[in-house]
Amino acid sequence: MEKDIELKAGEIMRKYRQYKYISWGIVLLDIIFLIYMVVFKMDYRISYIVGGFASLLLTVSVFALYAVIAAAAVFVKWIGALKIDQALYEDCDPFVYEACLNKLRTLFYKERFACLHAMSQYYQGNVRGAEEILRNVNLYKLKGIYKLNYYIIMSAILFRRGEGMRAAELEQSYRARMKKNNKREQMYFRILCAGNNMYRAMENKDYQSAFKFLEQRKENEGGKTRKWTLIGFSMWEARICKAMGDVESARQRLNYVISEGGRLVYVTEAENLLREMNSIADGESENG
């Protein structure tokens, strides 16, 4: 299994490096272009030839073109980074995803990378490993989606340990650090609260409310749900359906998780839950 993980990670990293080197090439050509235009083509005499205003427009256009080419380089590198993200987001393989993260070398954003490692550990099923990583993360250096993932995973760990009351402290912490005029952060906060409220409703056996909070969680995604998130939603739907006695709906969702969930921890949980449901059904059939 480890050899297979390394092979897949190596192939992904080769594609990532191809895009990275292409972006570097674009940046180099962009710098050469700017130097050539500024040093050799745009000296003081050009204003006498085309006029002062035209000279200004030419200067602006050169720097604008430089910015466009630089943006293209950034875009190319971003496409390469998506190849790594796809291992988790679309292929649902946190093991390959973490293997790719281990191959990246960066001097910056160490807290973000630690958060990504914790996320891969959590969805592999290593809850303790994920918690140990997050305990050592400087939360004040996390922003945006990285900060949200920190709070979501830490809240989930607390609920799993039966310490759901402490999740409220995390919500208060997020609210205290949230910029009130930032709509994206407000959306992230709603996502966190909806997920935590779903946990609370399940603990209280209020399954109707749990389903309502799950729907709120979906709505706050804004239609940008990736496959691995859909797998998680399906797993929650299966838990709720089973708790409400809708065994057939639960079975359909569990089969979807098993067939499409790759190597996410949800697959093992779905297999165990489906096995338990089948055993109960077989026992009822024998007694009947």
Side-chain angles (χ1 to χ4, degrees), residues 85 88-89 94 111-112 114-123 125 127-128 130-131 133-244 250 253 257 264-266 269:
D85 292 340
L88 179 62
Y89 299 154
E111 305 300 318
R112 294 184 182 183
C115 193
L116 295 177
H117 277 284
M119 192 166 63
S120 63
Q121 286 285 306
Y122 182 81
Y123 290 105
V127 177
R128 179 173 295 180
E131 184 177 9
I133 294 173
L134 291 179
R135 292 293 183 190
N136 295 315
V137 168
N138 185 347
L139 181 57
Y140 294 98
K141 291 186 178 181
L142 293 177
K143 296 180 180 180
I145 192 66
Y146 301 97
K147 183 173 73 172
L148 174 63
N149 286 332
Y150 173 94
Y151 279 99
I152 286 176
I153 295 173
M154 283 300 296
S155 296
I157 291 171
L158 291 174
F159 279 110
R160 288 172 67 100
R161 289 210 309 248
E163 301 177 11
M165 293 296 294
R166 293 179 58 193
E169 298 175 7
L170 291 178
E171 292 172 13
Q172 293 173 2
S173 171
Y174 193 103
R175 185 194 293 273
R177 298 181 61 241
M178 183 174 64
K179 297 178 181 178
K180 295 182 179 180
N181 296 327
N182 190 318
K183 292 184 178 180
R184 184 179 294 275
E185 284 216 335
Q186 292 174 3
M187 179 189 68
Y188 287 160
F189 183 66
R190 290 195 296 270
I191 288 175
L192 174 66
C193 291
N196 288 353
N197 287 335
M198 181 177 61
Y199 275 108
R200 296 182 181 105
M202 289 294 288
E203 287 181 348
N204 296 328
K205 297 183 179 181
D206 185 357
Y207 305 122
Q208 293 288 349
S209 295
F211 189 80
K212 181 190 72 174
F213 289 126
L214 178 59
E215 289 301 309
Q216 289 180 4
R217 175 74 171 77
K218 290 180 182 179
E219 290 173 3
N220 287 321
E221 289 287 332
K224 299 178 181 179
T225 308
R226 291 159 171 164
K227 185 178 179 180
W228 74 304
T229 309
L230 288 175
I231 299 297
F233 289 159
S234 297
M235 191 66 227
W236 272 109
E237 288 173 351
R239 295 187 191 111
I240 296 171
C241 289
K242 177 181 178 296
M244 295 177 68
R253 286 164 172 80
V257 172
L264 291 170
V265 66
Y266 298 129
E269 184 181 350

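Numbering of residues begins at 1 and proceeds along the displayed sequence.
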Original post:
Does the pair Leu170 and Leu158 meet the rule for a side-chain contact (heavy atoms from CB on, under 4.5 Å), with working shown?
Top reply: CA-CA 10 Å; Leu170 291 178; Leu158 291 174; 3.7 Å; yes

To the nearest 0.5 Å, atom CG of Leu148 lies from atom OH of Tyr188 at 6.5 Å

Here the pair of heavy atoms bringing Gln216 nearest to Ala194 is CB-CB, 4.2 Å

Looking only at heavy atoms, the pair that brings Ala130 and Ala118 closest together is CB-O, 3.4 Å

Scanning both residues in full, the closest heavy-atom pair of Ser120 with Pro94 reads O-CB, 3.6 Å

> Between Trp236 and Tyr199, is the gap from one ring center to the other below 6.0 Å?
Replying inline: yes

From the list Lys227, Arg226, Met119, side-chain contact (heavy atoms from CB on, under 4.5 Å) partner of Leu88 resolves to Met119

Output for pair (Tyr151 OH, Ile191 CD1), nearest 0.5 Å, gives 15.0 Å

d(Glu111 CD, Leu116 CG) to nearest 0.5 Å is 11.5 Å

_Is there a side-chain contact between Asn182 and Gln186 in this structure, where contact means two heavy atoms from C-beta onward sitting under 4.5 Å apart?_
no

Exercise. Has Asn181 got more than 12 heavy atoms of other residues, nucleotides or ligands less than 6.0 Å from its CG?
Worked result: no

Scanning both residues in full, the closest heavy-atom pair of Val265 with Tyr122 reads CG1-O, 4.1 Å

* To do: Test side-chain contact (heavy atoms from CB on, under 4.5 Å) on Gln121 and Arg128 and set out the steps.
  => CA-CA 9 Å; Gln121 286 285 306; Arg128 179 173 295 180; over 6 Å; no

With sequence neighbours left out, the residues meeting side-chain hydrogen bond (donor to acceptor under 3.5 Å, both in side chains) with Glu163 are Arg161, Arg166

Q.
Looking at Ser234 and Leu230, would you say the former's side chain and the latter's main chain have a donor-acceptor pair under 3.5 Å?
A. yes

Exercise. Show your reasoning for whether side-chain contact (heavy atoms from CB on, under 4.5 Å) applies to Asn196 and Phe159.
Key: CA-CA 8 Å; Asn196 288 353; Phe159 279 110; 3.7 Å; yes

In terms of heavy-atom contacts, Arg112 and Tyr146 come closest through CD-CE1, 3.6 Å

Lys218 and Glu215: salt bridge (Lys or Arg N to Asp or Glu O under 4.0 Å), yes or no, with the steps? CA-CA 5 Å; Lys218 290 180 182 179; Glu215 289 301 309; 3.5 Å; yes

Output for pair (Ile240 CD1, Ser209 OG), nearest 0.5 Å, gives 10.0 Å

The reported gap from OH in Tyr150 to CG in Leu134 (rounded to nearest 0.5 angstrom) is 6.0 Å

What one should report as the nearest heavy-atom pair of Ala238 and Ala250 is O-CB, 3.5 Å

For Glu171, is there an ion pair with Arg175 - N to carboxylate O distance below 4.0 angstrom?
no

Interatomic distance, CD1@Ile153 vs OH@Tyr123, rounded to 0.5 Å, equals 5.5 Å

For Leu139 and Arg177: C-alpha separation, side-chain torsions, deciding distance, then whether side-chain contact (heavy atoms from CB on, under 4.5 Å) applies. CA-CA 10 Å; Leu139 181 57; Arg177 298 181 61 241; 3.8 Å; yes

Salt bridge (Lys or Arg N to Asp or Glu O under 4.0 Å) test vs Glu269 passes for just one of Arg253, Arg239, Lys242, namely Arg239

In the structure I gave you, are the side-chain heavy atoms of Arg190 and Glu219 within less than 4.5 Å of one another anywhere? no

